[in-house]
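Everything on this sheet refers to the single structure shown next.
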Amino acid sequence: MNHDRSRALFERAERVIVAGVNSPVRAFRAVGGQPPFIASGKGARITDVDGNEYVDYVGSWGPAILGHAHPDVISAVQAAASEGLSFGAPTEREVVFAELVTKLVPSLELIRCVSSGTEATMSAIRVARGFTGRELIVKFAGCYHGHADHLLVKAGSGAATFGEPDSAGVTSAVARTTLTLAFNDVAALRALFTARGSEIAAVIVEPVVGNMGCVPPVAGFLEAIVQECRNYGAISIFDEVMTGFRLGLSGAQGRYGLVPDLTTLGKIAGGGLPLAVYGGRRDIMSCVAPLGPVYQAGTLSGNPVAVSAGIATLERLDAALYERLETLGARLEAGLAGAAAQTGVSACVQRVGAMITLFFTRGPVLNFDDAARQDAGLFAKFHRGLLARGIYWPASMYEAAFFGACHTADDIDRTITAATDALAS
Ligand code: KE4
């Protein structure tokens, strides 16, 4: 594979963009080598600036569930754009989008659109604190909810006492009111509520984690979050930026039959354009300005071109698609597990619907400590081996891989062959 143009672009990029990329994981620092610069995408494929084509398992980190450049999505965006890009005023498309989202996710009684998942979770937490008048936020190690200060916090020495900044620039004052527990640890959750339940404003969770690799909830874990929040008057927030519309028409909450108080959506909801959503119980969301005292605003919130991509995407999701993704996913899961077994590599595969991870550690991976035991060097070699064979896999062992409507059984079989060869070498 020739990568001359990508290399030249990377050199130029590094001179004017931090690490040459607009989001850290794209720099390939965890896997070595330089990132290919992508020229175009079509269906399940992306092509880099040197003409190399890849089967894409990143899908823009989730949005591309219909495949890249779906003709109906592109024409909806072109139609909207031809009427003007943004007005800073209400538009019909925003109403159509909101009616569609609240129909698909019934727990969403009232919503607000924003421009990124970060903005959605940041706003949801502010509403939870404003509604309850409480300060403490509970999150789980390995879950990522965007880069708002109070969510870049790791467990302090006494996990259930103080949080510590997980990034420079986050003050200890901010970190102090975010407590971090281990994902899937029901006992620790219940103990925290027993000890400090009356101080807790909200618990935020990725109902199926994608940001430490794909880690499903153990039976009773999500139920415990919803129940304990209800018992103590705290707000349960399901961060479905990744799982929303990926794990089914009603996301993870639909799959597991739960009703969180608030939900955040992004990625697929915007079909690849900057669009995210927070919302939920009407009484809670009625606290948001100008109805109530919690402020949230945005120049491009609910942007009509972005919501046109969201509408065109969501309208094309149906039960048949998720059945197909289940079949493809089972094939890929069995194939990757077989490749690891055949090559004697210590690994395990975890999947929910169309999000999957090959962990380079023995399973099960139940929480971040388990995920962190992976052999990072082996993952890096695996990633490079796949890339050289035309398979574009997430460039971090803490990211889930995604596939969508345009992936075929042949793509899956080709991926399994490439994975087997990469693992064998
Ligand atoms: P954005 O601000 O990136 O739109 O969304 C933040 C976010 C919130 N919640 C969940 C569950 C998320 O997965 C994300 C963003 N995910 C990462 C990848 N896992 C985005 C890719 C990146 O950071 O470059």
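Basis for what follows: all heavy atoms, side chains included, without hydrogens, waters or symmetry-related copies. Numbering of ligands and ligand atoms starts at 1, following listing order.
Residues meeting the salt bridge (charged side-chain N to carboxylate O under 4.0 Å, His left out) test with Asp185, sequence neighbours left out: none. Scored by the side-chain hydrogen bond (donor to acceptor under 3.5 Å, both in side chains) test, Glu326 finds Arg351 as partners (sequence neighbours excluded).
Asp48 places no side-chain N or O within 3.5 Å of a backbone atom of Pro36 that could act as its donor or acceptor partner. Between the side chain of Gln350 and the backbone N or O of Leu358, no donor-acceptor pair lies under 3.5 Å.
Applying the salt bridge (Lys or Arg N to Asp or Glu O under 4.0 Å) test to every pair with at least one member in residues 12-26, sequence neighbours left out, gives no pairs at all.
Near ligand 1, residues Ser23, Val25, Trp61, Ser116, Gly117, Thr118, Tyr144, His145, Gly146, Glu206, Asn211, Asp239, Val241, Met242, Lys267, Glu399 each place a heavy atom inside the 4.0 Å sphere around the ligand atoms.
Aromatic ring centres of Phe183 and Phe221 lie closer together than 6.0 Å.
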